[in-house]
Participant: 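Would you mind keeping the following structure in view while I ask a few things?
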Amino acid sequence: MKRTRSAQLFEQSQRLIPGGVNSPVRAFKAVGGQPLFIAKGRGAKIWDADGNAYLDYVLSWGPMILGHAHPQVIRAIRAAATKGTSYGAPTGLEVRLAGMIRKAFPSMELTRLVSSGTEAAMSAIRLARGFTGRDKILKFDGCYHGHADSLLVKAGSGLATLGVPDSPGVPADLAKHTLTAPYNDLSAVRKIFDQHGREIAGLIVEPVAANMGVVPPKDFFLQGLRDITRQYDSLLIFDEVITGFRVAFGGAQERLGVIPDLTCLGKIIGGGLPVGAYGGKREIMERIAPLGPVYQAGTLSGNPLAVTAGIETLKLLSRPGVYRKLEERSEHLSNGLTDAAKKAGVAVFGSRFASLMTLFFTDRIVTDFASAKTSDTKGYAKFFTAMLDAGIYLAPSQFEAAFLSTAHTDADIEKTIKAAYAAVRKM
Ligand SMILES: *Cc1c(COP(=O)(O)O)cnc(C)c1O
């Protein structure tokens, strides 16, 4: 496979952009450091700048649940663009998207649209602090909630890959207000609340963790968090930026039956354009400006193109059978990849929740960030490279999810499993 054009572009981009990329994980540092530059996508496939085709299991890190360039979404964006791209004034489109969100997530009585998941989580934390009058928050090791200062403490994703426990530039005075616990460890959470409960504004959690690789919650973990936060009048914040409209139309809260006070959304609700949202109980959301004193704003918030892409995406996802089919194909893929490794004598733990999955190269059962980190990342890099050479584009890090779209066919999945049988033999 010739990749000279990608290599040239990477040369040039490194002279202009830090590390040649606009988001660190794209640099492929954990898998050899030679990123692909993408020229186009259609359905389940992407093409690089040299014209090579790949089956895409990154899907822009989740948003492209319908695959790339879905004709109905593109048509709607085109039509919207002819009417202007931003007004800095409210539109009927925003009312429509907020209504669709409210219907899918009844706990989001009021919703504020923003432009990224980072902004959603950052704003939800500010609101929790403003509402409770408390400063501390609790998050879990390996959970990622975007790169706001308070949340860049023991975050997963790009940080896990680079092994940076938190970031220079985050004031120690701020980071000290962020308490952390291991994912799935209720007794650790209880201990922290016993000590600091009355100072904790809110607890933020990925209800299904997907930024340390996929780590589902244990039975009763989320319910336990609900009970503890209620006991101490702290807010429970579900970061459903990945899981919202992914693990079910109504997200993890619908599927697992635990209802938070605030919810963060992003990724899918923008249909591949920049959108985020946060929302929750009316009495809490009424503290946001202009109704209340907690400030949060955005020039491009509720952007008409992004909101249009979101509306069309949600319309298509609300058709009957969509999630059942995704689930079946995901199960087939996850089992196929796990079997491929096991039959080659490679130790793996196949972790999956709905259409999110990670093949951890470890002999341990992965339940938290510490166990995820027992994975053989060098082995993953070999597997990744062999798959890429076979035309399969996986996440360039062990600590990320593989995503499935409605555009992936059974034949695509068969092809992927077949490639995996060959790839594990090269490890
Ligand atoms: C991607 C992600 C974010 C950040 O969203 P951006 O749009 O990248 O700012 C926050 N939380 C979770 C759970 C995410 O997966």
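Only this structure's heavy atoms are used, side chains among them; waters, hydrogens and symmetry mates stay out. This structure is a prediction, so every number in the text was calculated from the model and none was measured.
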Participant: Step by step, work out the salt bridge (charged side-chain N to carboxylate O under 4.0 Å, His left out) result for Arg42 and Asp56.
Facilitator: CA-CA 10 Å; Arg42 188 165 191 85; Asp56 183 14; over 6 Å; no
Participant: I'd like to know if Asp135 and Arg129 make a salt bridge, using a cut-off of under 4.0 Å between side-chain N and carboxylate O.
Facilitator: no
Participant: Taking NZ, NE, NH1 and NH2 as the nitrogens, is one of them in Lys373 or Asp368 under 4.0 Å from a carboxylate oxygen of the other?
Facilitator: no
Participant: Please work out which of the three classes, parallel, tilted or perpendicular, describes the rings of Phe384 and Phe28, given edges at 30° and 60°.
Facilitator: perpendicular
Participant: Can the positive tip of Arg255 be found less than 6.0 Å from the middle of the six-membered ring of Tyr323, inside 45° of the ring normal?
Facilitator: no
Participant: Does a side-chain heavy-atom distance below 4.5 Å link Arg352 with Val214?
Facilitator: no
Participant: Which residue, Val208, Thr358, Val215, forms the side chain to side chain contact (heavy atoms under 4.5 Å, CB included) with Phe353?
Facilitator: Val208
Participant: Any non-hydrogen side-chain atom of Leu222 less than 4.5 Å from a side-chain atom of Leu236?
Facilitator: no
Participant: Around atom NE2 of His147, are there more than 12 heavy atoms from other residues, nucleotides or ligands closer than 6.0 Å?
Facilitator: no
Participant: Can you tell if the side chain of Arg364 reaches within under 4.5 Å of the side chain of Ser371, non-hydrogen atoms only?
Facilitator: yes
Participant: Can you list the steps and then say if Val258 with Phe238 is a side chain to side chain contact (heavy atoms under 4.5 Å, CB included)?
Facilitator: CA-CA 10 Å; Val258 178; Phe238 275 6; 3.9 Å; yes
Participant: State plainly whether the residues Glu119 and Arg126 are in salt-bridge range, i.e. N to O under 4.0 Å.
Facilitator: no
Participant: Give a yes or no on whether the backbone of Lys325 and the side-chain of Glu328 come within a donor-acceptor separation of less than 3.5 Å.
Facilitator: no
Participant: Taking Gln398 for the side chain and Phe361 for the main chain, is one N or O donor matched with an acceptor at less than 3.5 Å?
Facilitator: yes
Participant: For the residue pair Phe140 and Phe221, is the inter-centroid distance of their aromatic rings smaller than 6.0 Å?
Facilitator: yes
Participant: Between the main-chain N or O of Pro207 and the side-chain N or O of Glu240, is there a donor-acceptor pair closer than 3.5 Å?
Facilitator: no
Participant: Does Phe220 have more than 12 heavy atoms from other residues, nucleotides or ligands lying within 6.0 Å of its CZ?
Facilitator: no
Participant: Do other residues, nucleotides or ligands put more than 12 heavy atoms under 6.0 Å from the CZ atom of Arg198?
Facilitator: yes
